[in-house]
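Along the sequence shown, the residues carry numbers beginning at 1. Just follow the structure's listing: the first ligand is 1, and inside any ligand the first atom is 1.
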Amino acid sequence: MHELHADVEETTEAITSMETRGAATIAAAAAEALRQQAVDGAYDDPESFKATMRAAARQLLETRPTAVSLPNTLRYILTRMEGTSVEALRESVDAAAQAFEQRLARAQGELGEIGANRLQDGDTVMTHCHSTDALSCIEAAVEQGKDISAVVKETRPRNQGHITAEELVDLGVPVTLIVDNAARRYLDDVDHVLVGADSIAADGSVINKIGTSSLAVNARERGVPVMCAAQTIKLHPETLTGHTVEIEERVETEVIDAETRAKIGDIEVRNPAFDVTPPRYVDAIVTESGQFPPESVVTLMRELFGESAASPWEE
Ligand code: RUB
């Protein structure tokens with residue numbers, strides 16, 4: 001096996017440290033790292049090329065467990081790796097990665113147009129975390145000439161809502177930033193809840209940043225529709241065969257600093273990064289292939305992935 005490319009090492013570090021974060025952004029970074037591994041290196045023979053690509057994919061896969069965009073990206077590229085010479089293999093990975101990256105950008109634009117059709121001129125949208133798929137819907141609505149305002153939840157513990165707020169301000173969207181606990185109070189003032197997804201399960205459950213499920217339950221109680229913007233790379237094929245989605249648990253220092261924790265005394269601190277919103281609390285999943293009621297997303301999943309998901313990174 002050839003050593004791993006500096007880009008693979010750097011991308012692994014950036015995803016692990018969350019410098020690169022959000023499911024779609026993670027997917028694009030992983031595709032580019034795999035492409036660099038393929039195009040920029042001398043390999044002794046086809047076997048060592050393939051073994052190195054699989055090892056790079058396994059390392060990237062280890063970074064964050066919940067966003068299915070990561071294995072879906074690696075699967076897309078590695079299942080298209082073919083050829084009997086190093087050059088042919090290299091070209092196949094280069095082409096697959098480039099096609100994938102273009103597809104990703106196109107999908108986000110297309111779903112944005114579809115999501116924007118659900119938004120009316122003058123609407124206010126409540127957001128949670130930072131989702132490029134969700135923001136694409138607002139951007140498209142603004143481009144259609146609609147006046148959209150946003151209530152942005154800060155999204156403890158890492159405050160990704162601040163990134164959302166900044167990007168919305170850049171789009172010219174008026175933003176009201178609120179603490180997470182104020183969400184129910186402000187649901188009376190909004191027309192939509194709009195979130196992204198890290199994974200969508202076969203039963204239509206939406207796995208997204210912790211706090212999405214309580215927001216969705218409250219929104220249902222207040223009669224506010226919940227839209228999830230998620231390109232099809234967020235569909236989790238392993239849930240077709242009964243697997244569940246692993247929820248990442250992150251370090252407790254994101255929740256409380258060591259000094260305060262010591263002062264409080266003997267406590268346990270938990271920091272799950274994501275939660276599961278059952279399909280009954282979600283009105284629509286907006287993908288580049290159209291909008292779906294959550295319960296029917298399984299048909300799209302079967303169409304795209306068949307009945308089972310390959311693991312082409314295994315030795
Ligand atoms: C990000 C998050 C986002 C989804 C979708 O969590 O939950 O809502 O990843 O984002 P984290 P996108 O900050 O822990 O990565 O639409 O950009 O794929």
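- A search for side chain to side chain contact (heavy atoms under 4.5 Å, CB included) contacts involving A197 returns I200, V206, C228, A230, not counting sequence neighbours.
- Listed by chain and residue number, R184 satisfy the side chain to side chain contact (heavy atoms under 4.5 Å, CB included) test with E221 (two or more places apart in sequence, or in another chain).
- Not one N or O on the side chain of T16 forms a donor-acceptor pair closer than 3.5 Å with the backbone of T63.
- Distances from ligand 1 to the non-hydrogen atoms of A273 include no value under 4.0 Å.
- Only the backbone of H130 comes within 4.0 Å of ligand 1, judged by heavy-atom distances.
- The two atoms that bring G115 and C137 nearest to each other are CA-SG, 3.7 Å, heavy atoms only.
- Annotation: side chain of P157 is in contact with side chain of N271 (closest heavy-atom distance under 4.5 Å).
- In this structure, atom 5 (C) of ligand 1 lies nearest to the protein heavy atom A197 O, 3.4 Å.
- Atom numbering of ligand 1 starts at 1 in the shown order; those under 4.0 Å from a heavy atom of D133 are 16 (O).
- Residue contacts with ligand 1 leave out A67, since none of its heavy atoms falls under 4.0 Å from the ligand.
- Considering only non-hydrogen atoms, atom 14 (O) of ligand 1 lies nearest to K209 out of K209, R21, Q108.
- Within the 4.5 Å cutoff, the side chain of R80 has no heavy atoms near those of the F100 side chain.
- Distance alone, capped at 3.5 Å, is enough to place a donor-acceptor pair between the R90 side chain and the A38 backbone.
- Annotation: side chain of Q160 is not in contact with side chain of K153 (no heavy-atom distance under 4.5 Å).
- H128 does not count as a contact of ligand 1, since none of its heavy atoms falls under 4.0 Å from the ligand.
- When non-hydrogen atoms are compared, ligand 1 lies under 4.0 Å from neither the backbone nor the side chain of A230.
- At least one heavy atom of K234 sits less than 4.0 Å from an atom of ligand 1.
- At the top of the distance list for atom 16 (O) of ligand 1, counting protein heavy atoms only, stands S131 OG, 2.7 Å.
- In terms of hydrophobic clustering, with Ile, Leu, Val, Met, Phe, Trp and Tyr side chains grouped at heavy-atom distances under 4.5 Å, L300 and I114 are assigned to different clusters.
- Comparing N208, D275, I26 by heavy-atom distance to atom 3 (C) of ligand 1, the nearest is N208.
- A 4.5 Å side-chain heavy-atom check between V193 and H128 finds every atom pair outside the cut-off.
- The Q160 neighbourhood of ligand 1 comprises atoms 11 (P), 13 (O), 14 (O), with distances under 4.0 Å to a heavy atom of that residue.
- Taking both residues in full, the closest heavy atoms of R75 and T79 are given as O-OG1, 2.7 Å, listed atom of the first, atom of the second, then distance.
- Here's the thing with A24: one of its N/O atoms is less than 3.5 angstrom from an N/O atom of ligand 1.
- With ligand atoms numbered from 1 in the order given, ligand 1 contributes 11 (P), 13 (O), 14 (O) to contacts under 4.0 Å with heavy atoms of M18.
- Residue A23 touches ligand 1 through backbone and side chain together, judged by heavy-atom distances below 4.0 Å.
- For atom 2 (C) of ligand 1, the closest non-hydrogen atom on the protein side is D198 OD1, 3.3 Å.
- Side chain of D180 to backbone of T155: a donor-acceptor contact under 3.5 angstrom is found.
- The shortest N or O to N or O distance between T132 and ligand 1 is below 3.5 Å.
- Residue R64 touches ligand 1 through its side chain alone, judged by heavy-atom distances below 4.0 Å.
- Backbone and side-chain nitrogen or oxygen atoms of A134 are examined, and none is located within less than 3.5 angstrom of a nitrogen or oxygen of ligand 1.
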